[in-house]
Enquirer: 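A single structure is presented below for examination.
What you see is a predicted model, and the numbers here were worked out from it, not measured in a lab. Both backbone and side-chain heavy atoms feed into the values below; hydrogens, waters and symmetry mates do not.
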Amino acid sequence: MLTPILVCPKNDEESLLILKIAQVAGYPTVISEQPHGARLYNEPNLIARLKYADHEAIRVAIVEIPGPTVEAELRLIGYEVVIIDHHRYDNLDRMQRLSSLEQFLQIYELTDERLQALGFDPVLVRGVGMIDRGFVWELKKEGIAPADQKRIRDYYVSLMNELGSPAAGSVEEAKRAWDAREQAGNIFIVKSRRADIKIRESLSFVLADLYEQPPQVLIFEGTGRVSLQDSDLAPKLHQTFGGFTFGQDRCWGFQPEPGRPAPSVQAILEQINRA
């Protein structure tokens with residue numbers, strides 16, 4: 001197998017674990033410093049960095065940094081471009097059944113035996129992929145034993161800590177926001193005031209202890225990010241407002257940018273009520 005150069009951000013738990021495995025395995029890697037919402041055209045000196053990583057490589061695997069124009073340019077200069085993604089963006093559909101971590105394991109032919117040889121617990125690695133694919137409830141759907149579910153959740157939180165996410169604070173804020181929730185029909189509305197903490201992932205952990213099946217939750221974070229989780233209405237909101245979908249197309253997210261604010265509660269609920 002011709003090992004692709006891995007181009008990957010380090011902006012969430014899944015991408016952090018991908019980079020950890022790649023580092024131990026010795027794969028040529030270009031690490032993106034972009035936060036969520038990364039785009040390939042914003043990646044500085046990409047070609048020079050690819051050449052530096054491996055000047056003989058002819059394959060590039062790009063993790064969740066969409067950019068069709070730049071991808072086409074890479075192909076023109078001789079690279080085979082492998083896309084690793086599972087989101088739907090504005091005017092770009094890269095939804096996949098598998099999470100990016102699971103796709104990475106397939107593309108790089110990382111079996112359980114290989115992961116063990118590299119010093120990783122395959123149960124934990126694949127569990128992180130499941131959480132990214134369908135949140136904590138995916139572990140139950142996949143029949144993971146309760147003891148292993150706990151180990152996977154603890155490992156996921158350790159990755160949150162390593163990223164600098166204040167995991168303990170985010171769980172506390174997620175519980176506070178949940179206790180203050182509002183409800184519109186069968187949609188729970190949860191709002192966080194903390195601009196220094198992201199609560200979406202931690203809220204999933206909180207709700208997994210309360211519900212056998214995930215409820216539909218509209219989340220407004222203090223960071224400005226808006227999400228609708230575990231709803232068949234996610235594609236409709238994506239079509240109306242843009243943003244991106246994830247979680248097997250059952251979740252929608254919107255990260256505001258200068259001149260492009262997130263839609264309001266009222267605007268979102270109006271679209272939901274029209275469905």
Enquirer: Do Ser204 and Gln229 have side-chain N/O donor and acceptor atoms under 3.5 Å apart?
Expert: yes
Enquirer: Test salt bridge (Lys or Arg N to Asp or Glu O under 4.0 Å) on Arg59 and Glu80 and set out the steps.
Expert: CA-CA 5 Å; Arg59 302 179 75 207; Glu80 176 190 346; 3.3 Å; yes
Enquirer: Give the minimum heavy-atom separation between Ser32 and Glu43, together with the two atoms involved.
Expert: OG-OE1, 2.7 Å
Enquirer: Is a side-chain donor-acceptor pair under 3.5 Å present for Glu173 with Ser192?
Expert: yes
Enquirer: Assigning hydrophobic clusters by single linkage (Ile, Leu, Val, Met, Phe, Trp, Tyr; side-chain heavy-atom cutoff under 4.5 Å), is Ile31 placed with Ile65?
Expert: no
Enquirer: Testing His36, His86, Gln34 for side-chain hydrogen bond (donor to acceptor under 3.5 Å, both in side chains) with Glu64, which one passes?
Expert: His86
Enquirer: Check whether Val60 and Ile83 end up in the same hydrophobic cluster, where Ile, Leu, Val, Met, Phe, Trp and Tyr are linked by side-chain heavy atoms less than 4.5 Å apart.
Expert: yes
Enquirer: Could you go through Ile199 and Val190, starting from their C-alpha distance and side-chain angles, then the distance that decides it, and tell me whether this counts as side chain to side chain contact (heavy atoms under 4.5 Å, CB included)?
Expert: CA-CA 10 Å; Ile199 68 164; Val190 176; 4.2 Å; yes
Enquirer: Using atom types as modelled and distance alone, determine if a side-chain donor or acceptor of Glu221 lies under 3.5 Å from a backbone N or O of Ala195.
Expert: no
Enquirer: Could you tell me whether Arg200 and Asp12 have a side-chain N and a carboxylate O separated by less than 4.0 Å?
Expert: no
Enquirer: Taking Glu13 for its side chain and Val157 for its backbone only, find out whether a donor-acceptor pair lies under 3.5 Å.
Expert: no
Enquirer: Which word best sums up how the rings of Phe188 and Trp178 line up, parallel for under 30°, tilted for 30 to 60°, or perpendicular for over 60°?
Expert: perpendicular
Enquirer: Counting only heavy atoms not in Glu212, do more than 12 sit closer than 6.0 Å to its CD atom?
Expert: no
Enquirer: Got a second to check how far Gln239's CD is from Asp90's CG, nearest 0.5 Å?
Expert: 12.0 Å
Enquirer: Just do the side chain to side chain contact (heavy atoms under 4.5 Å, CB included) check on Phe241 and Gln271 with the steps written out, would you?
Expert: CA-CA 10 Å; Phe241 299 113; Gln271 290 301 315; 3.7 Å; yes
Enquirer: Return yes when atom NZ of Lys236 has more than 12 non-hydrogen atoms of other residues, nucleotides or ligands closer than 6.0 Å, and no otherwise.
Expert: yes
Enquirer: Between Val226 and Trp252, which heavy-atom pair has the shortest distance, and what is it?
Expert: CG1-CZ3, 3.9 Å
Enquirer: Looking at Tyr108 and Pro4, would you say the former's side chain and the latter's main chain have a donor-acceptor pair under 3.5 Å?
Expert: yes
Enquirer: For Asp230 and Gln216, which heavy atoms make the closest approach, and how far apart are they?
Expert: O-CG, 3.3 Å
Enquirer: For Leu16 and Leu163, work out which heavy atoms get closest and say how close.
Expert: CD2-CG, 3.8 Å
Enquirer: With a 6.0 Å cut-off (strictly less than), is the heavy-atom count around CD of Gln23, excluding the residue itself, greater than 12?
Expert: no
Enquirer: At what distance, to the nearest 0.5 angstrom, does CZ of Arg88 lie from CD of Gln96?
Expert: 10.5 Å
Enquirer: Could you state whether Leu19 and Leu124 fall into the same hydrophobic cluster, counting links through intermediate Ile, Leu, Val, Met, Phe, Trp or Tyr residues with side-chain heavy atoms under 4.5 angstrom apart?
Expert: yes
Enquirer: Starting at CD1 of Ile152, measure out to CD1 of Ile131 and round the result to the nearest 0.5 Å.
Expert: 6.5 Å
Enquirer: Could you walk me through whether Arg49 and Asp54 pass salt bridge (Lys or Arg N to Asp or Glu O under 4.0 Å), step by step?
Expert: CA-CA 9 Å; Arg49 291 159 69 200; Asp54 185 349; over 6 Å; no
Enquirer: Between Arg97 and Gln248, is any side-chain donor less than 3.5 angstrom from a side-chain acceptor?
Expert: no
Enquirer: Would you check if the distance from the ring center of Phe244 to the ring center of Phe254 is below 6.0 Å?
Expert: no
Enquirer: Measure the shortest side-chain to side-chain distance between Arg39 and Pro66 over non-hydrogen atoms and say whether it is less than 4.5 angstrom.
Expert: yes
Enquirer: Is the shortest side-chain N to carboxylate O distance from Arg126 to Glu102 below 4.0 Å?
Expert: no
Enquirer: Return the minimal non-hydrogen interatomic distance between Leu17 and Phe120, and the atom names on each side.
Expert: CD1-CE2, 4.2 Å
Enquirer: Under a 4.0 Å N-O cut-off, is there an ion pair linking Lys175 with Asp179?
Expert: no
Enquirer: Salt bridge or not for Glu138 and Arg133, using N-O below 4.0 Å?
Expert: yes
Enquirer: Would you say Arg193 has more than 12 foreign heavy atoms packed within less than 6.0 Å of its CZ?
Expert: no
Enquirer: State, with a plain yes or no, whether a side-chain heavy atom of Glu14 is found less than 4.5 Å away from one of Ser99.
Expert: yes
Enquirer: May I ask you to test the Val136-Tyr156 pair for a side-chain heavy-atom distance under 4.5 Å?
Expert: no
Enquirer: Is any side-chain heavy atom of Ile77 closer than 4.5 Å to one of Glu73?
Expert: no
Enquirer: Where does the angle between the aromatic ring planes of Phe135 and Phe246 fall among parallel (under 30°), tilted (30 to 60°) and perpendicular (over 60°)?
Expert: perpendicular
Enquirer: Within a strict 4.5 Å, meaning less than it, do heavy atoms of the Ser202 and Met160 side chains meet?
Expert: yes
Enquirer: Just verifying a value: how many Å separate Ser227 OG and Phe220 CZ, rounded to the nearest 0.5 Å?
Expert: 9.5 Å
Enquirer: Verify whether one side chain among Asn161 and Ser158 offers a donor that lies under 3.5 Å from an acceptor in the other.
Expert: no
Enquirer: Calculate, to the nearest 0.5 Å, the distance between atoms CG and OG1 belonging to Leu105 and Thr111 respectively.
Expert: 9.5 Å
Enquirer: Does any non-hydrogen side-chain atom of Lys191 lie less than 4.5 Å from one of Glu182?
Expert: yes
Enquirer: So which atom in Thr245 and which in Ala234 form the shortest heavy-atom distance, rounded to 0.1 Å?
Expert: CG2-O, 4.0 Å
Enquirer: Test Thr29 against Val7 for side chain to side chain contact (heavy atoms under 4.5 Å, CB included), laying out the working first.
Expert: CA-CA 6 Å; Thr29 301; Val7 180; over 6 Å; no
Enquirer: Consider only side-chain heavy atoms of I, L, V, M, F, W and Y, link residues closer than 4.5 Å, and tell whether Leu218 and Tyr211 are in one cluster.
Expert: no
Enquirer: Hey, mind stepping through Leu46 and Leu40 against side chain to side chain contact (heavy atoms under 4.5 Å, CB included) and telling me if it holds?
Expert: CA-CA 9 Å; Leu46 178 60; Leu40 206 55; 3.9 Å; yes
Enquirer: Looking at CZ of Arg181 and CD1 of Ile189, how far apart are the two atoms once the value is rounded to the nearest 0.5 Å?
Expert: 12.0 Å
Enquirer: State, with a plain yes or no, whether a side-chain heavy atom of Ile62 is found less than 4.5 Å away from one of Val82.
Expert: no
Enquirer: Do Ile219 and Leu203 have side-chain heavy atoms sitting under 4.5 Å apart?
Expert: yes
Enquirer: Group every Ile, Leu, Val, Met, Phe, Trp and Tyr by side-chain heavy-atom contacts under 4.5 Å, then state whether Tyr89 and Leu237 land in the same group.
Expert: no
Enquirer: Taking Arg151 first and then Asp148, would you say they form a salt bridge - that is, a charged N and a carboxylate O separated by under 4.0 Å?
Expert: yes
